[in-house]
Amino acid sequence: MVLVAQIIVDVPLMQTDRPYSYFVPESMQGQIAIGMRVHVPFGKGNRLLQGFILGLEEQENGGNLPELKPIAELLDYEPVLNQDQLDLADQMRQTVFSYKISILKSMLPGLLNSQYDKVIMATDKLSEEERCTFLQGRDHILFSQLSEKQGQAIPRLVQSGCVTVDYIAKDKQNIKTEKHYSVQKGILETLDISQRAKKRLELRDFLLGKSESGKLADLYKLFSRDVVKFFIEAGALVITEVEVNRADSYFEKVARTDFLELNAQQAHAVEVMTGQIGRGGKPFLLEGVTGSGKTEVYLHLIERTLTMGKTAIVLVPEISLTPQMTNRFISRFGDLVAIMHSGLSDGEKFDEWRKVRSGQAKVVVGARSAIFAPLDNIGAIIIDEEHEATYKQESNPRYHARDVALLRAKSHGAILVLGSATPSIETRARAQKGVYHFLELTERANPKAKIPQVEVVDFKDFVGRQEVSDFTPPLLEKIRERLARKEQVVLMLNRRGYSSFVMCRDCGYVDDCPNCDISLTLHMDTKTMNCHYCDFQKAIPHVCPNCQSRQIRYYGTGTQKAYDQLTELLPEARVIRMDVDTTRKKGAHEKLLEAFGSGKADILLGTQMIAKGLDFPNVTLVGVLNADTSLNLPDFRSAERTFQLLTQVAGRAGRADKEGEVIIQTYNPSHYAIRFAQQQDYEGFYAYEMGIRRQLAYPPYFYTVGITLSHKDEDFVVRKSYEVMAYLKEHLSDKVTFLGPTPKPIARTHNLYHYQIIIKYRFEDNLEETLNGVLDMTQEPENKDLRLIIDHEPQSFT
DNA sequence: AGCACGCCGACT
DNA sequence: GTCGGCGTGCTC
C-alpha cells in the first residue's frame, strides 16, 4: 500500500485545472492532511510548484500504478484551507469562469501564496570562466537575476553536473517574534554588584521597582546592551521569545464602549434577525436611511450571535474601512475582532488570518475577500453598503462577495444581512418578490438629527456670470455662512476621471498614452505624466510634441484646481484636500480625517472617498460640485450609481443636533437620478428605475454576461468577436439577446484592443456549457494570444 | 507557464 | 551535413 495525494498545482490554465497524483514519502505520512500546501515537482524540468492537497488515499502497490513523483516538501503543520473552504471552492468553480487554483489562492492571505525563486548553485566542476559568465563570480545566484540569454544555458550545465538548482521562498519570515524578559527575583537580589557600577545598580533598581517583565527592546532603550547582558548572563533575567501579532498595536489604543440603546425599529430588526440565526432561511435586506444606525444594529446582532456561541463576518467596502468604522467593532468586542483590509501589510494580514484560524477571533470585519475567513460555526454574515460595486472582484476569480456569502450562509445555517441606505436595484427587487426578508429603518437614530434639506443648483443659470465655474454663487454663499458660524463643510467632486491633463493652446494637442486610448494624467507630486490603465510614465513636456509651441499648459481640473479656486475665493477658509494624490501614503487617509474631525479645518474637499460612512457632527453643509460626471457613462447602472452617491454624500450633513443642508450643482437638474436624490427618495427612485430596466431588458429583469476579447491587432479581435458571437447564437436558445460586438468605451489599453459582447437572458439551460465552449476556443493555437474574459453579472461596462 | 520534441532554413 | 528557429503538446 502506498499513500497517494491528489494535488492541484499553481498553474492557472485550462489544461492543468485538475488534481495530479503524487506519492507521499513515508517521512510525511504522519503529518500530511487535506488542505495543506506542498511543493511538488511538475513537468519535464521538475520545477517546484506550490500546490494544495485536495485528497489523500491509500492505493494498492500494484505494478500497474503509474510512476508517481514524490511530494518534495510539506509547507504547513496544519491545513491552511478547511473542508468548508474546499467545498466552497467547488461550488464557486461552477459559476465563476476561472480556474480552481485561482479560487483557492484567493482564500488565503497573500503571504501564503508567495512565490519561490530558483537558485543556481555552482559545483566544483564549474570552470572559473563559466562561473564568471553565469554566476558573476559568486557560487550561487537567483534565476531571476540571470539574463534571459544565460538562463538558457542552465539545463546544459545541470546535465553536466556543473551547477545544481534549488528553490527558496522569496518571503520566509511569516511569523514575527519578539524577545521578552522576566526577572528572577531571587537571583537578582543576591547579585553582588559593585557600588562603582552605577549603570548596573540603576538597572537593578529599575527591575526591582516596577518592571518585573516586559519587552527586551524597551530595556535596550533605557540601558546599554552590555549592562543588560550582565544580568542575562548572571541568570537574573530570563529571555523568552514570543510570537507577536503585528496588528495588535491597532487594537491596544481603542477604548471599550458600551452598547447604545436601540430605537423601536432597530430593536425590531435585531429581534427578527436573531430569531433566524442557526436556521438559515432567506437573506435579509436591511434598508435604512443614512444615519439610521445600521452599524449599531449589526453590533447588537453580533453580540447575540456570540452569545449563542457562534461567529460573524462583517463585510465593509474597502473605502469605508476607516479607523472610525473598525474601532466601533473593536471597542465592543475587543480582541475577538480580526480586521482584514488592504491597508495592512502582508505580515499583518497574515497575523489577522491566523487569529481567525486559531479560533481567537470570532468576528471578522473586512473587505471583499474577508468572506473567505476560516471561521467555524458562522451565525451571521453582514454585508454593509451592499450596493457597492467593490464587492465584485474585477480580476480572476470574478466572484461577487454577495454570492459567496449566500453559499457560506447556507452551509452554516447563518443569517445573511444585506444593509444599505440605497440598496442595489437587484437586491431591492428580490426583497419585493419575497426572495429576501425586507426590514426598514426610516428614522435617524439620533431623534434630533433630521434628514437634510437638499437644494439643486443649475449651472446653466450662472453660465458666463463668473470667472471660475466650479463654485456657483449660492454654494459660495452657504459656505461663507458656515465659516461665520464655525461649522464645517464637506465638498465632493464626482469621479476620478476629473483629473489633470496637459494641452497645447496653439494646436490643441493633448498628451495621450502611447498604449491606451486615454490622455495622460498629470501628477504634481511625482512631477510626471501617468496613465491610469497601464504603467506608462513620462516627464511633463515643456514644448508641444506636435507643433513645438511653448504654449503647452496644464489643465488641472481635479481636486487640485477646485482647491486652488476655493482658497482664492475664500482665503480665510482652512481646506483639507482628499484624493488619490493626498492619500497615497499609508495612514494619510486617517490623518486627514482625524485633522478634519478635530476641527483643524473648515472644509473637507475630496472625491468619492469622502461620501461614505463619515460621521462628523459639526458638518452642516455638504456640496456636490459636479453631480453630472457619473451620469452619462455608457453603463446602464450610471443613474443608479449617481443616485446612490448623491444620497450617500448628502447623508454626511446634519448627523447630530444641528440641521444639515445639501447643495447639488448640476447641468441636468431635471434628470430623475438627481430629482430623486434631492427628495432623498430611494423608494421613488427604485420604482422609476425598475420601469426603465424592464423597458430596456436589463437586470433585474434579465441576467447579463459580459464577454471581453482583447488582442493587439484590431482586425483580429473584430473577426474573433464575430466568431464568438456566431458560436453563441448557434448554441444558445433564441430567447437570449445580444449586444455587440462593440469596442469597449476605452477601446485600447496596454496596446490591446478590447471588444465586448453582452448576453442578456432570463432562463438558459445551455449557458454554462456554451460559455465553457467559448473558453475552449482560446485553447486553439491560432487564438494563442487572444485574451478572453467571461464575466458573469459584470458590475461595470466602462 | 516551462520544457522538450520535432521539423525546416543558413552556416561551419 | 549541423545549429537553431519556434509550432505543438504535455505536465502525476
Side-chain angles (χ1 to χ4, degrees), chain A residues 1-26 28-29 32 34 36-75 98-106 113-120 134 141-160 163-170 395-397 710-713 716 750 775-789:
Chain A
M1 297 289 269
V2 288
L3 190 57
V4 174
Q6 300 300 313
I7 291 168
I8 195 146
V9 294
D10 188 5
V11 184
L13 281 176
M14 176 140 285
Q15 300 97 313
T16 52
D17 190 31
R18 62 188 178 88
Y20 289 86
S21 302
Y22 281 87
F23 166 68
V24 181
E26 243 153 70
M28 292 180 196
Q29 288 189 5
I32 198 163
I34 290 172
M36 286 181 177
R37 297 170 307 142
V38 287
H39 273 156
V40 287
F42 193 74
K44 296 271 160 53
N46 280 330
R47 69 205 162 103
L48 283 191
L49 290 180
Q50 185 164 312
F52 293 99
I53 301 188
L54 300 185
L56 285 169
E57 57 191 356
E58 292 274 354
Q59 270 186 22
E60 209 58 55
N61 202 358
N64 56 353
L65 204 67
E67 245 346 80
L68 295 183
K69 291 181 187 176
I71 295 171
E73 191 183 0
L74 198 53
L75 297 177
S98 75
Y99 309 111
K100 192 155 169 186
I101 186 69
S102 316
I103 299 173
L104 294 173
K105 283 173 78 176
S106 67
N113 294 321
S114 62
Q115 290 297 304
Y116 281 71
D117 207 335
K118 236 189 255 185
V119 193
I120 318 297
F134 295 107
I141 189 168
L142 294 179
F143 183 76
S144 56
Q145 289 172 0
L146 284 173
S147 81
E148 210 175 292
K149 201 79 188 157
Q150 289 178 350
Q152 287 165 6
I154 298 297
R156 202 174 60 228
L157 290 173
V158 173
Q159 223 163 29
S160 59
V163 301
T164 58
V165 176
D166 200 357
Y167 293 79
I168 60 156
K170 280 184 180 167
S395 59
N396 281 333
S710 311
H711 194 267
K712 60 182 189 302
D713 178 354
F716 183 80
H750 303 88
L775 216 51
D776 281 342
M777 289 170 79
T778 58
Q779 294 307 303
E780 285 162 31
E782 62 159 311
N783 296 337
K784 215 180 155 204
D785 41 10
L786 181 72
R787 287 205 212 169
L788 187 130
I789 293 165

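Excluded from the calculations below are hydrogen atoms, water molecules and symmetry mates; all remaining heavy atoms, backbone and side chain alike, are included. In this text the structure is predicted, and so the values were computed from the model without any measurement. The chains referred to below are lettered A, B, ... by the order of the sequence lines, with proteins before strands, and numbering in each begins at 1.
- Atom C1' of nucleotide C:dC10 and atom CD of A:E67 are separated by 17 Å, given to the nearest angstrom.
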Output a table of nitrogen or oxygen pairs between the protein and nucleotides 5-7 of chain B separated by less than 3.5 Å.
none

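- At whole-Å resolution of the value, CD1 in A:I8 and C1' in C:dC12 are 13 Å apart.
- Residues satisfying the ring-ring contact (aromatic ring centres under 6.0 Å, His included) test with A:F42, not counting sequence neighbours, are A:Y20.
- Between the CG atom of A:D17 and the P atom of C:dC12 there is a distance of 16 Å, rounded to whole Å.
- In this structure, the CE atom of A:M14 is 16 Å from the C1' atom of C:dC10, given to the nearest Å.
- Side-chain nitrogen and oxygen atoms of A:Y20 include none within less than 4.0 Å of the OP1 or OP2 phosphate oxygen of C:dT11.
- Residues forming a side chain to side chain contact (heavy atoms under 4.5 Å, CB included) with A:E58 (at least two apart in sequence, or on another chain): A:M1, A:L3.
- Among the nucleotides C:dT11, C:dC12, B:dG2, the one closest to any side-chain atom of A:Q15 is C:dT11.
- Taking A:K69 as the reference, A:Y22, A:P41, A:N46 meet the side chain to side chain contact (heavy atoms under 4.5 Å, CB included) condition, with sequence neighbours excluded.
- One interatomic measurement links the two molecules: CD of A:Q50 to P of B:dA1, which rounds to 19 Å at whole-angstrom precision.
- Using a 4.5 Å cut-off on side-chain heavy atoms (C-beta onward), A:L68 and A:S21 make contact.
- Following rounding to the nearest Å, A:R47 (CZ) and C:dC10 (C1') show an atom-to-atom distance of 12 Å.
- Atom CZ of A:F42 and atom C1' of B:dC3 are 12 Å apart (whole Å).
- The distance from atom CG of A:L13 to atom P of B:dG2 is 10 Å, rounded to the nearest whole Å.
- Residue pairs meeting the salt bridge (Lys or Arg N to Asp or Glu O under 4.0 Å) criterion with at least one partner in residues 11-25 of chain A, sequence neighbours excluded, are A:D17-A:R93.
- Taking A:P12 as the reference, A:D10, A:Y99, A:I101, A:S102 meet the side chain to side chain contact (heavy atoms under 4.5 Å, CB included) condition, with sequence neighbours excluded.
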